[in-house]
Amino acid sequence: MSEAISKTFKEARKIVIKIGSNTLAKEDGTQNTEFMQNFARQCRNLIDLGKQVILVSSGAQVSGISITREWARKKDVHFRQALCAIGQVELMSQWRKAFSLQNLHIGQLLLTKDDFKNDHRSLNIRNTMFTLVDEGIVPIVNENDSVSIDEFSIGDNDNLSALSAILWSADLLILLSDIDGVYSDNPKTNPDARLIETVENIQNLRNSIKIGSTNSFGTGGIETKIQAAEKTTVYGIPLLLANGSTPDIIDGLLNGSAKGTLFLAQ
Ligand code: ADP
């Protein structure tokens, strides 16, 4: 039981949920549409409870590869960006199907680093987020990979979701990954790694754990999740890291039956 997680979740009204590529892809590399439909059902439940939700969805590359399979091995940056352009359409098409089964509309926001640096653009994004949510629509945010590369990009959706949560003045940021939370070491390589359930001081956490390498897409890893927590918690927004492959994870976090790592607000 995690009462702290359940309490934080119940108290939060404005919630940003980020879903990692590992959660959106099946082992054979195709899109996990069952997950998407189940997730949309859980979002409907949150909305019915009076909560507001913004989604940050990775997975454009995975979706692109599931369409143009022969591009899977092309590492050239132009191909990767083109793959994201193809995949983003497919990704949103699947999300649209999943949410329409719940009688919910979605809206797409593709953002870049510059959008957050420029006050005028940030204000426009913030206003769009507020308008969509007020009208009962679920905004789905992703990085605009086709225009942002390398030093111009945020680079990972953990940091993008943190910036989005701050911009929207969210009450809680939830990151869904393929692990239950932050461990003392990479649980995929060290079976003795211990789950850390609550983090009060991020610097102390950094000093006490081992951080493994990034995922197969070369982005993210646990490091960017900690960076996201560093960003949001100073703005008073707690961050919850949990396992997207646990069945009904959002319901489980809400009722306290699911595990995770809760980074407390500063
Ligand atoms: P996502 O695509 O969901 O954002 P990532 O693959 O980028 O997920 O990051 C999660 C991965 O980070 C885990 O699957 C795990 O292998 C790795 N990792 C490395 N070090 C740790 C650690 N100390 N605790 C938890 N996970 C870790």
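Numbering of ligands and ligand atoms starts at 1, following listing order. Positions are given from 1, in the same order as the sequence printed here.
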Quiz item: Passes side-chain hydrogen bond (donor to acceptor under 3.5 Å, both in side chains), Q94 versus T33? Steps please.
Solution: CA-CA 7 Å; Q94 296 297 346; T33 48; 5.2 Å; no
Quiz prompt | Chi angles and distances behind the salt bridge (Lys or Arg N to Asp or Glu O under 4.0 Å) call for D145, R80 | solution = CA-CA 9 Å; D145 291 310; R80 273 198 287 128; over 6 Å; no
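Nearest-residue assignment for atom 12 (O) of ligand 1 (options I222, L241, I226; heavy-atom criterion): I222.
Using a 4.0 Å cut-off to heavy atoms of G181, the atoms of ligand 1 that qualify are 25 (C). Near D178, meaning under 4.0 Å from any of its heavy atoms, are these atoms of ligand 1: 10 (C), 13 (C), 14 (O). Here is the list of ligand 1 atoms found below 4.0 Å of a heavy atom in K225: 1 (P), 4 (O), 5 (P), 7 (O), 8 (O), 9 (O). Set against the non-hydrogen atoms of P187, the atoms of ligand 1 under 4.0 Å away are 24 (N), 25 (C), 26 (N), 27 (C).
Backbone and side-chain nitrogen or oxygen atoms of G20 are examined, and none is located within less than 3.5 angstrom of a nitrogen or oxygen of ligand 1. Geometrically, ligand 1 and S184 share no nitrogen or oxygen pair separated by less than 3.5 Å. Among the atoms of D158, none of the N or O lies under 3.5 angstrom from an N or O of ligand 1.
The proximity of I179 to ligand 1, defined as any non-hydrogen pair under 4.0 Å, is limited to the side chain. With a heavy-atom cut-off of 4.0 Å, K210 touches ligand 1 through its backbone alone. Residue contacts with ligand 1 for D185 involve N, CA, C or O but no side-chain atom from C-beta outward (heavy atoms, distance under 4.0 Å).
Of the candidates I154, D114, L109, L110, N144 forms a side chain to side chain contact (heavy atoms under 4.5 Å, CB included) with just one, namely L110. For the side chain to side chain contact (heavy atoms under 4.5 Å, CB included) with I226, the lone residue among I209, L239, D158, L241 that qualifies is I209.
Here CG of L163 is found 10.5 Å from NZ of K117. Values are rounded to the nearest 0.5 Å.
Between E230 and R206, at least one side-chain N (NZ, or NE/NH1/NH2) sits under 4.0 Å from a carboxylate O, which counts as a salt bridge.
Under a 4.0 angstrom heavy-atom cut-off, K18 registers as being in contact with ligand 1. Contact between T23 and ligand 1 is absent, with no heavy atom of the residue lying under 4.0 Å from the ligand. The shortest separation from a heavy atom of G244 to ligand 1 is not under 4.0 Å, leaving the residue out of contact.
Every residue two or more places apart in sequence or in another chain was checked for a ring-ring contact (aromatic ring centres under 6.0 Å, His included) with Y183, and none qualifies.
In this pair, F39 and F35 present their aromatic rings parallel. The plane angle is below 30°, not in the 30 to 60° band.
Here salt bridge (Lys or Arg N to Asp or Glu O under 4.0 Å) pairs that include residues 33-49, with residues two or more places apart or in two chains, are K26-E34, R41-D248, R41-D251, R44-D48.
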